[in-house]
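As the structure is a prediction and not an experimental result, all values here were calculated from the model. Note: hydrogens, waters and symmetry copies are ignored here, and every other heavy atom, side chains too, is used.
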Amino acid sequence: NGLIKKAKEITVLCDAEVSLLIIGSSGKIHEYCSPSTNLPDILVKYHKQSGKRLWDAKHENLSNEIDRIKKENDNMQIELRHLRGEDITSLHYKELMALEDALENGLGGVREKQMEIYKMMKKNDRILEEEHKELNFVLHQREMEQNGYQHHHQQHQQLQDFEPQMPFTFRVQPMHPNLQERM
């Protein structure tokens with residue numbers, strides 16, 4: 001804490017760029033960097049003035065790759081703004097034509113996807129409609145079976161109600177003369 005306090009005092013009193021990094025035996029890191037700078041800038045200045053190599057070529061390549069990706073990201077941000085119709089007044093005719101082609105291609109892709117989704121929804125609608133018809137048919141059959149059972153049960157009940165009124169035996173009286181002779 002005392003070292004960090006002194007680094008802050010040197011920054012203020014001497015108008016110096018100060019960076020302090022302390023790694024304790026437990027692995028805990030304490031750091032301080034002047035408010036007007038950052039550690040990478042101080043390390044680059046140290047590297048240039050002292051001639052000592054603080055990092056190897058691998059780190060240099062990583063730094064270059066980070067710079068390249070940042071630049072690519074910036075270009076993509078500009079392109080995105082152009083696609084939104086922002087900041088296009090500075091574009092030349094060829095750039096505007098390329099932008100128009102990109103937008104038309106994108107619109108074509110969106111329309112294709114919309115049509116694909118529309119066809120899928122229509123197919124799903126047909127499937128649901130067929131399932132609905134099948135379920136209605138099954139429901140109708142079950143209602144008919146239920147009504148048929150109830151109707152049969154009612155007829156059976158009515159027959160039971162009339163049974164005591166019906167005669168127990170029947171006797172056939174032939175009316176035709178030929179039938180009387182055979183008996």
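- Between E134 and V138, every side-chain heavy-atom pair lies at or beyond the 4.5 Å cut-off.
- In this structure, the separation between NZ on K70 and CD1 on I66 is 6.5 Å, given to the nearest 0.5 Å.
- Here the straight-line distance linking atom CE of M115 with atom NZ of K122 works out to 11.0 Å at 0.5 Å rounding.
- Counting non-hydrogen atoms of neighbouring residues, nucleotides and ligands closer than 6.0 angstrom, the CG atom of D15 reaches no more than 12 such neighbours.
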(request) For K113 and I117, run side chain to side chain contact (heavy atoms under 4.5 Å, CB included): C-alpha distance rounded to whole Å, both residues' side-chain angles, the deciding distance at 0.1 Å, then the answer. (result) CA-CA 6 Å; K113 187 65 176 174; I117 290 171; 4.2 Å; yes
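- For the residue pair N136 / H140, no side-chain donor-acceptor distance below 3.5 Å is found, with atom types taken as modelled.
- With hydrogens and angles disregarded, no donor-acceptor distance shorter than 3.5 Å links the side chain of S19 to the backbone of C33.
- Residues V12 and I10 fall into different hydrophobic clusters, defined by Ile, Leu, Val, Met, Phe, Trp and Tyr side chains chained together at heavy-atom separations under 4.5 Å.
- M120 CE to D125 CG: the interatomic distance, rounded to the nearest 0.5 Å, is 10.5 Å.
- Within the 4.5 Å cutoff, the side chain of R81 has heavy atoms near those of the I78 side chain.
- Across all their heavy atoms, L91 and H82 have their closest contact at CD2-CE1, 3.4 Å.
- Nearest heavy atoms, S34 versus V18: OG-N, 2.5 Å.
- Enclosure of atom CD in E9 by more than 12 non-hydrogen atoms of other residues, nucleotides or ligands within 6.0 angstrom is indicated.
- Classification of R68 and E72 as a salt-bridged pair holds, one side-chain N sitting under 4.0 Å from a carboxylate O.
- Summarising the local packing, CD of E95 is surrounded by more than 12 heavy atoms from other residues, nucleotides or ligands at distances under 6.0 Å.
- Salt bridge annotation for E116-K119: absent, with no cationic side-chain nitrogen under 4.0 angstrom from a carboxylate oxygen.
- Counting only heavy atoms from C-beta outward, the side chains of M97 and Y93 approach each other to under 4.5 Å.
- Inter-residue side-chain proximity for I69 and E65 is flagged as met; some heavy-atom pair is nearer than 4.5 Å.
- Look at E145 and R142 and you find no salt bridge, because none of the NZ, NE, NH1 or NH2 atoms lies under 4.0 Å from a carboxylate O.
- Nearest heavy atom pair, residue I4 against residue H30, reads CD1-CB, 4.1 Å.
- Between the CD1 atom of I23 and the NZ atom of K28 there is a distance of 13.5 Å, given to the nearest 0.5 Å.
- In this structure, CG in N105 is found 10.5 Å from CD in E100, a value given to the nearest 0.5 Å.
- Taken to the nearest 0.5 Å, the CG atom of L20 stands 10.5 Å off from the CD1 atom of I42.
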